[in-house]
Peer 1: 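Please read through the structure below; I'll follow up with questions.
Counting starts at 1 for both ligands and their atoms, in listed order. One is the number of the first residue; the rest follow in order along the sequence. Every heavy atom of this structure was used, including side-chain atoms; hydrogens, water molecules and symmetry mates were not.
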Amino acid sequence: MKVLVINCGSSSLKYQLIDSETEKALAVGICERIGQEVSHLKHTPAGGEKIVIETSMKNHEVAIQMVLDALTDANHGVIKSLDEISAVGHRVVHGGEKFASSTIITEEVVNAIEECNDLAPLHNPANLIGIRACANLMKGVPMVAVFDTAFHQTMPPKAYLYGLPHEYYDHYKIRKYGFHGTSHSYVSKQAATFTGLDIENSKIIVCHLGNGASISAVLNGKSIDTSMGFTPLAGLVMGTRSGDIDPSIIDFIAKKENKSIDQIMNLLNKESGVQGMSEVSSDFRDINAAIIEGNQKALIAFDVFVYRVAKYIGGYVAAMNGVDTIAFTAGVGENDSKVRDEVCEYLGYLGITIDKEKNLVRGQEMMLSTPDSKVKVCVMPTNEELAIARETVALL
Ligand code: AMP
């Protein structure tokens, strides 16, 4: 069956049409600058040329209509009619404590997602717009919501509660939720198979290192801890996000620079991390180039990033009392051999050794550890769209 996977942001909409039998994308694309004067649709049919249509998409419903037109277009389309789309899988960022797994979308589910808007004010409303637009344009086609937070709902209270007065959890559900759950779930399963583990009896650490980055401890197939928190700002140093900092810094900067909380949150989300530390870029390709040129700030940003990853891995080895497999994934994890190499340097105490030649791989699954390494280390490309399509098919 053919599943349309939709990842709807506030001004963009990414899509893939996936054939669930072959698990291949028939077409991929993105609508950008929705709601602005000039928007564009970039659409690539499998094996074909990318086409770019520049137009005005005044809202997400217009954008989705354009996607459906592109998919059925006589020239660059990949299906004859919309009847060929059996289901739609939607990425939804926050499912709060309500959703511990994917779910078929009903009016009740839409309302429940809306109740989580408070927890992800930038993302959930956009996800809901996408759901409603599809419901209007594809009447009768079943839809499934796949939540970024769901996989981490198996964390025990000792992992998800903060050291705050309990009433903040009772009243506002302030706790660690964790994100990138679809990726952590998919990669942990793939890595288990790839490294010859029975997932039901395994200790896996997934390092999802992209522009946003998080690590998870997956014990017997279940997430028991993860580095992102109440929001995706916590944990690792990321492309532009600070990750963990002493919360008192917020008060200190506010007073020194007369900044509002909103301004400081913007600073922590968009101007910090590798970008802010290096004053070069949030992109590791630029960081690596700057390091080669002798840029000291780029070097320290790189070192801080790697050090934090290594410390989280160490923490999760303790949390699981061991580790069988460590998997690297996402843009940095799949492509940056220097990051992987230096992280693994810290892990020698675990008996980890990696093959430096194999570690030069980019963007494909690869066993990095040598046969005598005590822990298996691999690169496992993530595929959140395929994971969403699989969940959608499984529920239907
Ligand atoms: P993601 O958020 O998973 O799409 O990852 C995007 C990030 O991956 C970029 O910001 C880069 O830092 C990193 N990246 C992508 N390609 C490479 C590469 N060839 N070498 C190093 N880093 C890369």
Peer 1: Looking at atom 7 (C) of ligand 1, what's its closest protein heavy atom, distance included?
Peer 2: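 The answer is Asn211 N, 4.0 Å.
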
Peer 1: Numbering the atoms of ligand 1 from 1, which are under 4.0 Å from a heavy atom of Arg362?
Peer 2: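 Near Arg362, meaning under 4.0 Å from one of its heavy atoms, ligand 1 has 19 (N).
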
Peer 1: Give the atom numbers and elements of ligand 1 that come within less than 4.0 Å of a heavy atom of Asp336.
Peer 2: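 Answer, ordered by atom number: 21 (C).
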
Peer 1: Can you name the atoms of ligand 1, numbered from 1 with element, that are less than 4.0 Å from a heavy atom of Gly210?
Peer 2: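 Near Gly210, meaning under 4.0 Å from one of its heavy atoms, ligand 1 has 1 (P), 2 (O), 3 (O), 5 (O).
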
Peer 1: With a 6.0 Å cut-off on ring centres, are His184 and His152 close enough?
Peer 2: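 Yes: the rings meet the under 6.0 Å criterion.
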
Peer 1: Based purely on interatomic distance, does Gly331 place a nitrogen or oxygen under 3.5 Å from a nitrogen or oxygen of ligand 1?
Peer 2: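 Such a contact does occur with ligand 1.
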
Peer 1: Just checking, any donor-acceptor pair under 3.5 angstrom between side chains of Asn127 and His123?
Peer 2: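 Distance-only check fails for Asn127 and His123.
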
Peer 1: Under a 3.5 Å threshold, yes or no: a donor from one side chain and an acceptor from the other, between His40 and Glu54?
Peer 2: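 No, no side-chain donor-acceptor contact under 3.5 Å.
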
Peer 1: Got the closest protein heavy atom to atom 9 (C) of ligand 1, with its distance?
Peer 2: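 Checking every protein heavy atom, the shortest distance to atom 9 (C) of ligand 1 gives Asp283 OD2, 3.8 Å.
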
Peer 1: Does the gap between the ring centers of His94 and Tyr177 come in under 6.0 Å?
Peer 2: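 Aromatic pair counts; centres sit under 6.0 Å.
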
Peer 1: Yes or no, since that's all I need: does a protein heavy atom fall within a distance strictly under 4.0 Å of atom 4 (O) of ligand 1?
Peer 2: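 No, no protein heavy atom sits under 4.0 Å from atom 4 (O) of ligand 1.
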
Peer 1: Looking only at distances, please establish whether an N/O atom of ligand 1 is found under 3.5 Å from an N/O atom of His208.
Peer 2: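 Looking only at distances, the answer is no, because the N/O contact criterion of under 3.5 Å is not met.
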
Peer 1: Val332 heavy atoms, cut-off 4.0 Å: which ligand 1 atoms fall inside?
Peer 2: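 Going through ligand 1 atom by atom, the ones under 4.0 Å from Val332 are 8 (O), 12 (O), 13 (C).
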
Peer 1: Checking a contact table here: which protein heavy atom is nearest atom 20 (N) of ligand 1, and how many Å away?
Peer 2: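 Protein heavy atom with the smallest distance to atom 20 (N) of ligand 1: Arg285 CG, 3.5 Å.
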
Peer 1: Run the numbers on Phe302 and Val274 for side chain to side chain contact (heavy atoms under 4.5 Å, CB included), then give the verdict.
Peer 2: CA-CA 7 Å; Phe302 185 95; Val274 172; over 6 Å; no

Peer 1: Should Lys376 and Asp324 count as an ion pair when the cut-off is N to O under 4.0 Å?
Peer 2: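 No salt bridge links Lys376 with Asp324.
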
Peer 1: With a cut-off of 4.0 Å, which atoms of ligand 1 are near a heavy atom of Phe284?
Peer 2: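 With Phe284 as reference, the close atoms of ligand 1 come out as 11 (C), 12 (O), 22 (N).
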
Peer 1: Run through the side-chain heavy atoms of Ile, Leu, Val, Met, Phe, Trp and Tyr, join any pair under 4.5 Å, and report what else lands in Phe194's cluster.
Peer 2: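 Joined to Phe194, directly or through intermediates: Met1, Val3, Val5, Ile18, Ile104, Val144, Val146, Phe151, Tyr186, Val187, Leu197, Ile199, Ile204, Val206, Val218, Met367, Met380, Leu386, Ile388, Val393, Leu395, Leu396.
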
Peer 1: Tell me, do Cys207 and Thr329 make a side-chain contact under 4.5 Å, heavy atoms counted?
Peer 2: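 They are not in contact (no side-chain heavy atoms under 4.5 Å apart), so the answer is no.
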
Peer 1: Consider every N or O of Gly212 and every N or O of ligand 1, then say whether any pair is closer than 3.5 Å.
Peer 2: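 No.
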
